[in-house]
**Q** 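One structure, as structure tokens, below. Some questions next.
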Amino acid sequence: PITKHYVETHDKELVGRKIRMDKLKINIFTGTLRINNLTLYEKNDKDTFVRFDTLDTEVSLHKLLGEKVDVQHIYLSGFSATILQKNDWFNFNDIIEHFTKKKTDEKKDTTPSNWKVILNDIQIKKSRIVYKDLAIGSKFSLKDLALNIPIIDLSNQKSNVDVGLNFVSGGSLRTKINWNPFTETWRNLAMA
């Protein structure tokens, strides 16, 4: 309850937007985090930008001692987002600027990090994304979207990401991508 209250009270300071949630549960002994019914609002504090029903994740705490962030799973259910664009403006530009400004204000540390980051078993279920181009009046919607990624190794120069998208109304997309997090380059290995 203390963390939930802190996040909702300092939401503008943390992400630059209003945040509300029903429940936030953190267990510092098991490394688990669970959030229920989170809403991130648009800049006007009224309209919904992003929301989800459940986020459940677990980190191996003992591996942190060895400078390794090993996320056991990330389960996200009921995610929905509305992306608006008008020419070069997007409805999330202010969020990017919020975090970019913080980075440029801080002194850059050029010391190489020994930390390794591995994200295992990423599952996104029952999700929806709506994209609207306000300049030309077009709308594109993905409903009942599912995404499964077995592993992303952010500390490896070559991390293979298997992505599967399933659409309840029919159709699917499968792709294997090789990602280099250091150069931020992608290479598509296979698509079906």
Side-chain angles (χ1 to χ4, degrees), residues 1-84 90-103 115-132 141-155 161-169:
I2 295 168
T3 307
K4 176 185 179 295
H5 176 73
Y6 180 85
V7 169
E8 291 183 342
T9 305
H10 295 89
D11 48 4
K12 299 280 179 108
E13 178 187 330
L14 295 169
V15 296
R17 297 267 185 102
K18 178 179 164 184
I19 297 174
R20 293 296 174 263
M21 65 189 97
D22 285 350
K23 194 177 204 178
L24 171 62
K25 185 177 178 183
I26 299 172
N27 187 324
I28 59 170
F29 301 107
T30 62
T32 58
L33 166 79
R34 186 175 179 95
I35 302 172
N36 294 104
N37 297 319
L38 181 135
T39 302
L40 175 64
Y41 288 88
E42 289 283 1
K43 197 172 179 179
N44 65 12
D45 293 343
K46 295 177 185 173
D47 300 321
T48 299
F49 170 55
V50 170
R51 74 161 310 281
F52 58 78
D53 296 334
T54 308
L55 171 65
D56 185 90
T57 186
E58 180 181 353
V59 177
S60 293
L61 296 177
H62 68 281
K63 292 184 180 178
L64 293 173
L65 298 172
E67 296 185 332
K68 185 175 184 181
V69 177
D70 191 348
V71 178
Q72 295 299 299
H73 68 265
I74 302 171
Y75 301 148
L76 182 63
S77 180
F79 173 83
S80 66
T82 302
I83 308 297
L84 305 176
F90 287 90
N91 63 332
F92 52 82
N93 284 357
D94 60 301
I95 297 173
I96 294 171
E97 288 169 11
H98 177 81
F99 289 104
T100 306
K101 184 178 182 298
K102 278 188 174 183
K103 276 190 172 182
W115 282 87
K116 294 182 171 99
V117 179
I118 298 174
L119 308 173
N120 295 288
D121 192 16
I122 302 167
Q123 295 183 30
I124 301 174
K125 300 176 184 176
K126 300 177 187 172
S127 298
R128 178 177 179 247
I129 298 174
V130 176
Y131 166 78
K132 294 179 184 177
S141 182
L142 294 172
K143 297 180 181 178
D144 297 318
L145 182 66
L147 174 67
N148 297 301
I149 303 174
I151 187 169
I152 298 176
D153 187 347
L154 298 175
S155 51
V161 179
D162 296 331
V163 179
L165 303 174
N166 297 314
F167 304 95
V168 171
S169 57

**Q** Please report the closest heavy-atom contact between T82 and N91, naming both atoms and the distance.
**A**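 Nearest pair, atom of T82 first, then N91: O-ND2, 2.9 Å.
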**Q** Measure the CG-CG distance between L84 and N93 for me, rounded to the nearest 0.5 Å.
**A** 11.0 Å
**Q** Between K4 and K25, does the side-chain contact (heavy atoms from CB on, under 4.5 Å) criterion hold? Intermediate values first, please.
**A** CA-CA 8 Å; K4 176 185 179 295; K25 185 177 178 183; over 6 Å; no
**Q** Just how far is it from atom CG of L24 to atom CZ of R34, taken to the nearest 0.5 Å?
**A**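 The distance works out to 11.5 Å.
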**Q** How about K18: does its NZ atom have over 12 heavy atoms from other parts shown lying under 6.0 Å from it?
**A**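 Atom NZ in K18 is packed in, count exceeds 12.
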**Q** Pick out which of D121, N120, D56 makes a side chain to side chain donor-acceptor pair (under 3.5 Å) with H73.
**A** D56
**Q** If we only count heavy atoms from C-beta on, is the T54 to Y75 side-chain gap below 4.5 Å?
**A**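 Of all side-chain heavy-atom pairs linking Y75 with T54, none is under 4.5 Å.
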**Q** The test is side-chain contact (heavy atoms from CB on, under 4.5 Å); show your working for I118 and V71 and say whether it passes.
**A** CA-CA 6 Å; I118 298 174; V71 178; over 6 Å; no
**Q** Just how far is it from atom CD1 of I124 to atom CD1 of I74, taken to the nearest 0.5 Å?
**A**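 With rounding to 0.5 Å, CD1 (I124) is 8.5 Å from CD1 (I74).
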**Q** If we check side-chain contact (heavy atoms from CB on, under 4.5 Å) with D22, which of these qualifies: T39, N37, L38?
**A** N37
**Q** Taking only Lys NZ, Arg NE, NH1 and NH2, and the carboxylate oxygens of Asp or Glu, determine whether R51 and D53 approach each other closer than 4.0 Å.
**A**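 Salt bridge flag = yes for D53 with R51.
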**Q** For M21 and E8, run side-chain contact (heavy atoms from CB on, under 4.5 Å): C-alpha distance rounded to whole Å, both residues' side-chain angles, the deciding distance at 0.1 Å, then the answer.
**A** CA-CA 8 Å; M21 65 189 97; E8 291 183 342; 3.7 Å; yes
**Q** More than 12 heavy atoms of other residues, nucleotides or ligands under 6.0 Å from CG of L65: yes or no?
**A** yes
**Q** So F99 and V15, side-chain contact (heavy atoms from CB on, under 4.5 Å) or not? Walk me through it.
**A** CA-CA 8 Å; F99 289 104; V15 296; 3.9 Å; yes
**Q** Please report the C-alpha distance between Q72 and S60 in whole Å, then the side-chain angles of each, then the deciding distance to 0.1 Å, and finally whether the side-chain hydrogen bond (donor to acceptor under 3.5 Å, both in side chains) criterion is met.
**A** CA-CA 7 Å; Q72 295 299 299; S60 293; 2.8 Å; yes
**Q** May I have all residue pairs that pass ring pair (Phe, Tyr, Trp, His ring centres under 6.0 Å) and include part of residues 11-67, sequence neighbours excluded?
**A**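 As it turns out, there is no ring pair (Phe, Tyr, Trp, His ring centres under 6.0 Å) pair with a partner in residues 11-67 once direct neighbours are skipped.
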**Q** For residues L119 and V69, determine if any side-chain heavy atom of one lies less than 4.5 Å from a side-chain heavy atom of the other.
**A**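 When only atoms from C-beta onward are counted, V69 and L119 do not touch, as no gap falls below 4.5 Å.
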**Q** Of all heavy-atom pairs between D94 and G16, which one has the smallest distance, and what is that distance?
**A**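 Minimum heavy-atom contact is OD2-O, 4.3 Å.
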**Q** What heavy-atom pair brings K12 and H98 nearest, and what distance separates the two atoms?
**A**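 Heavy-atom minimum between the residues: O-CE1, 3.6 Å.
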**Q** Which heavy atom in R17 sits nearest to a heavy atom in E42, and how many Å separate them?
**A**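 Nearest heavy atoms, R17 then E42: NH1-CA, 3.4 Å.
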**Q** Would you please name every residue forming a salt bridge (charged side-chain N to carboxylate O under 4.0 Å, His left out) with E67, sequence neighbours left out?
**A**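 Partners of E67 under the salt bridge (charged side-chain N to carboxylate O under 4.0 Å, His left out) test: none.
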**Q** Got a sec: does the NZ of K125 have more than 12 other heavy atoms crowding it under 6.0 Å?
**A** no
**Q** Roughly how far, to the nearest 0.5 Å, is the CG atom of L40 from the CG atom of D11?
**A**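 Rounded to the nearest 0.5 Å, the CG-CG separation comes out at 9.0 Å.
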**Q** Can you give me the closest heavy-atom contact between D153 and V117, atom names plus distance?
**A** OD1-O, 3.4 Å
**Q** Which pairs count as ring pair (Phe, Tyr, Trp, His ring centres under 6.0 Å) when at least one residue sits in residues 3-22, sequence neighbours excluded?
**A** Y6-H10
**Q** Looking at K116 and D70, is there a salt bridge between them, counting it only when a charged N and a carboxylate O are closer than 4.0 Å?
**A**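 Salt bridge absent between D70 and K116.
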